[in-house]
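What follows is one structure encoded as structure tokens, with my remarks underneath.
Predicted model, so just to flag it, every value in this text is computed and none were measured.
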Amino acid sequence: DFERVSKRYVRELRKGERDVYQDALTIIAKAEDLASLTLKGVIHTFLNWLAMNDYSLPYSKRKRLLSRFTGVTPITEEMELDRKMIQRICSVLPEWCQSLAIVLAGSGMRIGEATSFEIKDIDLSVSPARIYLKASYTKNKKARMVLITEEAKQEVIKMIGDRTAG
């Protein structure tokens, strides 16, 4: 059915019975609830489909159509990760994740590193406490030592207790 409708559409274009530009504007109007970048992708797909069927929109109209989507960028805001922000993040995490989040924030470890070290890699007898990461745990495959904050140390102690108790 799609094949039949597609062929009819291209035939109507060639006869001058359809206006590609107006059809593209109709697609945009009907899909106004789509995110702008998604809609731009839909229009690009439509234009590429036309090209595959040996029909192209004149450059000036194509440019005018796609110019509707220029300047679309995600809105981001950089925020400093302070103690208050970490507490806010932890307040929405499941309880089992909160300790891990505090250790990540208090050590600078990557998630893969923080979930790979063993109890024997931890030295809580010094201040600040340290975790020794084997080369196989790290991104760049170089062993390193990580210093952790007092809050992270308390969470590690709590996690060790949970592991040894269960």
Worked check of side chain to side chain contact (heavy atoms under 4.5 Å, CB included) between N53 and L13: CA-CA 11 Å; N53 285 283; L13 279 175; over 6 Å; no
With side chain to side chain contact (heavy atoms under 4.5 Å, CB included) as the criterion, how do F117 and V146 come out once you've worked through the C-alpha distance, each side chain's angles and the decisive distance to 0.1 Å? CA-CA 11 Å; F117 68 84; V146 177; over 6 Å; no
As a quick check of understanding, evaluate side chain to side chain contact (heavy atoms under 4.5 Å, CB included) for I102 and T149, giving each step before the final call. CA-CA 9 Å; I102 291 169; T149 64; 5.7 Å; no
Going through the distances and angles, do K134 and E118 end up as a salt bridge (charged side-chain N to carboxylate O under 4.0 Å, His left out)? CA-CA 10 Å; K134 296 176 185 169; E118 300 172 32; 3.5 Å; yes
Test side chain to side chain contact (heavy atoms under 4.5 Å, CB included) on E17 and R11; report intermediate values, then the result. CA-CA 9 Å; E17 298 170 359; R11 195 171 43 251; over 6 Å; no
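Using a 4.5 Å cut-off between side-chain heavy atoms of Ile, Leu, Val, Met, Phe, Trp and Tyr, L147 falls into a hydrophobic cluster with Y132, M145. Other cluster members for Y59: none, since no ILVMFWY side-chain heavy atom sits under 4.5 Å from it. Think of M52 as one node in a network of Ile, Leu, Val, Met, Phe, Trp and Tyr side chains linked at under 4.5 Å; it has no links at all.
To the nearest 0.5 Å, the span separating OG on S99 from CE on M159 amounts to 6.0 Å. Note that CG of D121 is 7.5 Å distant from CG of L133, once rounded to the nearest 0.5 Å. Atom CG of L100 and atom CE of M109 lie 8.5 Å apart (nearest 0.5 Å). Interatomic distance, CG of L50 versus CZ of R62, reported as 9.0 Å (0.5 Å rounding). Between the CD1 atom in I86 and the CD atom in Q98 there is a gap of 12.5 Å [rounded to 0.5 Å]. Interatomic distance, NZ of K84 versus CD1 of I89, reported as 13.0 Å (0.5 Å rounding).
A salt bridge is defined here as a Lys NZ or Arg NE, NH1 or NH2 lying under 4.0 Å from an Asp or Glu carboxylate O, and E113 with R144 meets this definition. Note on K15 versus E12: no salt bridge recorded, every NZ/NE/NH1/NH2 to OD/OE distance being 4.0 Å or above.
Annotation for K141: atom NZ counts as buried by contact number, over 12 foreign heavy atoms lying within 6.0 Å. Summarising the local packing, CD of E3 is surrounded by 12 or fewer heavy atoms from other residues, nucleotides or ligands at distances under 6.0 Å. Annotation for E95: atom CD does not count as buried by contact number, only 12 or fewer foreign heavy atoms lying within 6.0 Å.
For V126, the side chain to side chain contact (heavy atoms under 4.5 Å, CB included) partners are D123, R130, not counting sequence neighbours. The salt bridge (charged side-chain N to carboxylate O under 4.0 Å, His left out) search around K142 returns none, not counting sequence neighbours. Looking at residues two or more places apart in sequence or on another chain, you find no salt bridge (charged side-chain N to carboxylate O under 4.0 Å, His left out) involving K61.
Cluster membership for F46 and V5, using ILVMFWY side-chain heavy atoms within less than 4.5 angstrom, is not shared.
Between the D19 side chain and the Y21 main chain, a donor and an acceptor come within less than 3.5 Å of each other. With hydrogens and angles ignored, the 3.5 Å screen pairs a side-chain donor or acceptor of N48 with a backbone N or O of H44.
Checking Y9 against D23 by side-chain atom types alone, a donor-acceptor pair falls below 3.5 Å.
Contact check for V10 versus R18: no side-chain heavy atoms found under the 4.5 Å cut-off.
Residues I148 and P128 share a closest heavy-atom pair of O-CB, 3.6 Å.
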